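Down below is the structure, laid out as structure tokens.
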Amino acid sequence: MTIQLYNTINQRKEVFTPVRQDEVSMYVCGPTVYNYVHIGNARPVVIFDTLYRLLQRHYPLVKYARNITDVDDKINAAAKANGESIRDLSQRFTTAFHEDMAQLNTLPPTLEPRATDNIDAMIEQIQALIERGHAYVAEGHVLFQVSTDPEYGKLSHRKLDDMIAGASERVEEASYKREPADFVLWKPSTDDLPGWDSPWGRGRPGWHIECSAMINRHLAPTIDIHGGGQDLIFPHHENEIAQGTCCHGGHEQFVRYWMHNGYLNIDGQKMSKSLGNFFTVRELLEQWPGEVIRYALLTAHYRKPLDWTGDLLASAKASLDRLYGALRDGPTEVDPSLTHPRLEELEAHLADDLATPQALSVLHALAGDINKTEGEPRLALQQVLRNAGNALGLLLQTADHWFKWQPAGTQSGPSAEEVEALIAERAAAKQARDFARADAIRAQLKNQGVTLQDSREGTRWTRD
RNA sequence: GGCGCGGUAGCAGAGUGGUUAUGCAGCGGACUGCAACUCCGUUUACGCCGGUUCGAUUCCGACCCGCGCCUCCA
């Protein structure tokens with residue numbers, strides 16, 4: 001089965017072939033750790049986790065690197081505002097990021113380089129750029145001279161002249177810049193700011209250099225896939241290409257496939273800090289299982305915008321209820337050696353530029369198959385659905401655990417023991433044909449967010 | 001000014017030159033003491049105007065509307 005991926009740089013779907021046989025290298029831009037991550041940050045993490053899972057099924061070795069940006073002016077400002085050391089603050093939010101992403105069933109990447117551990121690699125790359133005439137030193141800064149790169153703009157498909165013409169008033173004018181489009185590779189630090197010794201004095205790196213330097217050090221001069229949000233296409237990834245190719249003399253390709261996920265909107269509006277219309281993953285996890293959030297993020301194709309609403313989450317929850325309903329009393333483990341036409345169908349969807357909405361529809365087709373089947377064949381299909389879910393990072397828990405999940409934010413519902421006691425009381429009432437009493441108990445529990453389901457095997461219960 | 005994206009049923013969201021996406025919601029039926037779950041059936045679609053075609057939601061062109069980026073951003 002061939003994998004096809006949409007490549008931003010060529011603006012079309014292409015057959016994926018890694019530069020090295022049997023090995024794939026992938027780099028995804030990770031968070032700047034100055035706050036809890038918001039749902040918009042979570043989208044690429046979940047998307048590229050799904051791609052990582054797909055690639056792992058097709059290649060023996062997948063090196064997936066996702067960086068932690070722990071040197072940044074936003075971090076400096078947040079630490080100052082909190083009266084916290086920069087190191088403590090960035091460590092605290094790195095840990096929180098790991099916890100939140102684990103709740104979304106994302107696998108840890110193979111490598112997670114931190115910017116502050118790779119300053120020397122950045123300095124090396126900057127020196128190479130200076131030696132090759134692509135960068136210059138001015139007033140303690142080092143700047144990349146954009147006009148020295150004839151290829152500049154090839155990812156974002158814009159011409160340098162157009163950019164300047166349209167945005168001249170927005171481009172930062174600075175006395176130390178030769179040309180307005182030049183961007184900072186290194187900047188001086190005052191004593192109260194984080195800084196490292198360098199040939200240009202004590203300072204800190206510009207934003208773009210960390211990714212290209214860490215790719216070069218931890219992966220290879222040419223990697224297969226580089227991912228991130230569409231907002232990173234320009235300037236971040238455009239500048240990475242400039243750095244990553246010019247430091248080698250412009251001969252080597254930096255990245256073969258550029259992949260960018262669409263924006264996440266909130267109730268139809270652009271999510272922005274200034275509008276205050278954003279949710280942290282952490283606060284969403286107080287009300288919804290992480291799996292619901294992951295499912296919601298996968299309902300739209302990754303390149304399309306996704307509108308984040310309460311309805312979206314409620315609908316994702318209902319869809320997962322249906323899937324877990326089909327998995328009750330079935331096997332919970334995953335059997336990687338299993339084959340089935342539905343699994344091939346699912347894999348074909350994912351291999352087609354990560355068509356997750358169609359992949360999800362295969363899960364529902366399987367649920368329908370299961371609900372119409374009895375006995376051994378039913379168990380076999382449940383096993384297939386487990387495998388299918390696993391491919392998407394879904395359906396990893398027991399159905400029982402799923403249906404009895406309670407939001408961390410509210411502990412108002414009855415305990416499991418209380419529910420069981422009422423179910424026993426209701427069973428006795430039913431036995432005595434006292435349906436009024438039985439219905440009253442059911443209504444009372446419904447009122448408390450617990451739904452009862454009678455079956456031949458007895459009464460099951462689920463939390464809403 | 002430049003570059004790019006989108007408009008599909010009540011909602012979300014795929015896809016296709018003619019034939020069921022899927023989920024949620026709604027309606028009818030089966031099951032049930034009544035429900036819930038599940039199953040069966042079913043109602044609402046492809047922004048507007050032209051063109052190509054036997055046939056267009058799909059291809060082409062124009063138009064309308066909405067959105068994003070253009071050096072903080074996932």
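Numbers restart at 1 for each chain; the letters A, B, ... are given by sequence-line order, proteins then strands. The shown structure was predicted, so the numbers you read here are calculated from the model rather than taken from an experiment.
- Between A/Lys177 atom NZ and B/U71 atom P there is a gap of 10 Å when expressed in whole angstrom units.
- Comparing B/C54 with B/C24, their P atoms sit 42 Å apart, to the nearest whole Å.
- In this structure, A/Arg460 forms no cation-pi arrangement with A/Phe403, as its terminal cationic atom is not both closer than 6.0 Å to the ring centre and no more than 45° off the ring axis.
- Looking at residues two or more places apart in sequence or on another chain, you find no side chain to side chain donor-acceptor pair (under 3.5 Å) involving A/Asp231.
- Legend: residues meeting side chain to side chain donor-acceptor pair (under 3.5 Å) with A/Lys372, ordered by chain and number and at least two apart, are absent.
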Between the protein and nucleotides 37-42 of chain B, are there any N/O to N/O pairs under 3.5 Å, and if so, what are the atom names and distances?
unit_1 : atom_1 : unit_2   : atom_2 : d
B/U38  : O3'    : A/Asn371 : ND2    : 3.1
B/C39  : OP1    : A/Asn371 : ND2    : 3.3
B/C40  : OP1    : A/Lys372 : NZ     : 3.0

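- The nearest whole Å value for the distance from the CG atom in A/Asp231 to the C1' atom in B/U71 is 13 Å.
- Remark: A/Arg158 qualifies as a cation-pi partner of A/Phe234 under the 6.0 Å distance and 45° angle criteria applied to the six-membered ring.
- B/C63 and B/C11 have their C1' atoms separated by 29 Å, given to the nearest Å.
- In this structure, CG of A/Leu232 is placed 14 Å from P of B/U71, rounded to the nearest angstrom.
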Restricting both atoms to N or O, compile the protein contacts to nucleotides 4-13 of chain B shorter than 3.5 Å, with distance only.
none

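- In the model, A/Glu210 has a side-chain atom that pairs as donor or acceptor with a side-chain atom of A/Asn67 under 3.5 Å.
- Going from the C1' atom of B/G41 to that of B/C31 covers 15 Å, rounded to whole Å.
- Comparing B/U22, B/A21, B/C69 against the side chain of A/Arg158 picks out B/C69 as the nearest.
- Within the nucleic acid shown, A/Leu363 has no heavy atom closer than 4.0 Å to any nucleic acid atom.
- Qualifying salt bridge (Lys or Arg N to Asp or Glu O under 4.0 Å) partners for A/Asp311, counting only residues two or more places apart in sequence or in other chains: none.
- Remark: A/Thr299 engages no residue in a side chain to side chain donor-acceptor pair (under 3.5 Å) (not counting sequence neighbours).
- Within residues 442-452 of chain A, the residues having any heavy atom closer than 4.0 Å to RNA chain B are, in order of number, A/Arg442, A/Thr451, A/Leu452.
- Remark: A/Arg342 engages A/Asp369 in a salt bridge, criterion side-chain N to carboxylate O under 4.0 Å.
- With hydrogens and angles left out, the side-chain atoms of A/Glu291 and A/Trp405 include no donor and acceptor closer than 3.5 Å.
- A cation-pi contact, defined as under 6.0 Å to the ring centre and within 45° of the axis, is absent between A/Lys13 and A/Tyr6.
- Both key distances under 3.5 Å define a Watson-Crick or G-U pair, and stretches of 3 or more such consecutive pairs in RNA chain B run B:1-7 with B:64-70, B:10-12 with B:22-24, B:26-30 with B:38-42, B:49-51 with B:59-61.
- A/Asn239 has its CG atom 13 Å from the P atom of B/C70, to the nearest Å.
- Scanning residues 426-439 of chain A for heavy-atom distances under 4.0 Å to RNA chain B yields A/Arg426, A/Lys430, A/Phe435, A/Asp439.
- The C1' atoms of B/U44 and B/A35 are separated by 28 Å, rounded to the nearest whole Å.
- Rounded to an integer number of Å, the gap from CD1 of A/Ile441 to P of B/G33 is 18 Å.
- Rounded to whole Å, atom C1' of B/A14 lies 14 Å from atom CG of A/Leu298.
- Using P as the reference atom, B/U57 and B/C27 are 31 Å apart when rounded to the nearest Å.
- Here the separation of B/C60 from B/G7, taken at their P atoms, is 14 Å to the nearest Å.
- The environment of CD in A/Gln431 is sparse: at most 12 heavy-atom neighbours from other residues, nucleotides or ligands sit within 6.0 Å.
- Taking atom OH of A/Tyr152 as the reference point, atom C1' of B/C70 lies 11 Å away to the nearest angstrom.
- Remark: A/Arg294 engages A/Asp49, A/Thr50 in a side chain to side chain donor-acceptor pair (under 3.5 Å) (not counting sequence neighbours).
- Applying the salt bridge (Lys or Arg N to Asp or Glu O under 4.0 Å) rule to A/Glu112 yields the partners A/Arg66; only residues at least two apart in sequence or on another chain are considered.
- With no hydrogens or angles considered, a side-chain donor-acceptor pair links A/Arg114 and A/Gln91 at under 3.5 Å.
- Atom C1' of B/U32 sits at a distance of 13 Å from the matching atom of B/C39, rounded to the whole Å.
- Ionic pairing of A/Glu238 and A/Lys154 is not present here: no N-O contact between side-chain nitrogen and carboxylate oxygen is shorter than 4.0 angstrom.
- Here the rule is side chain to side chain contact (heavy atoms under 4.5 Å, CB included) with A/Ile39, and of A/Leu264, A/Thr280, A/Val46 only A/Leu264 fits it.
- Under the rule for a salt bridge (Lys or Arg N to Asp or Glu O under 4.0 Å), the partners of A/Glu99 that lie at least two apart in sequence or sit in another chain are A/Arg282.
- Between A/Ala314 and A/Val146, the residue whose closest nucleotide on RNA chain B is further toward the 5' end is A/Ala314.
- A/Asp70 and A/Thr94 share no side-chain donor-acceptor pair at under 3.5 Å.
- On the C1' atoms, B/U8 is 12 Å away from B/A12, given to the nearest whole Å.
- The distance between atom CD1 of A/Ile233 and atom P of B/C70, rounded to the nearest whole Å, is 11 Å.
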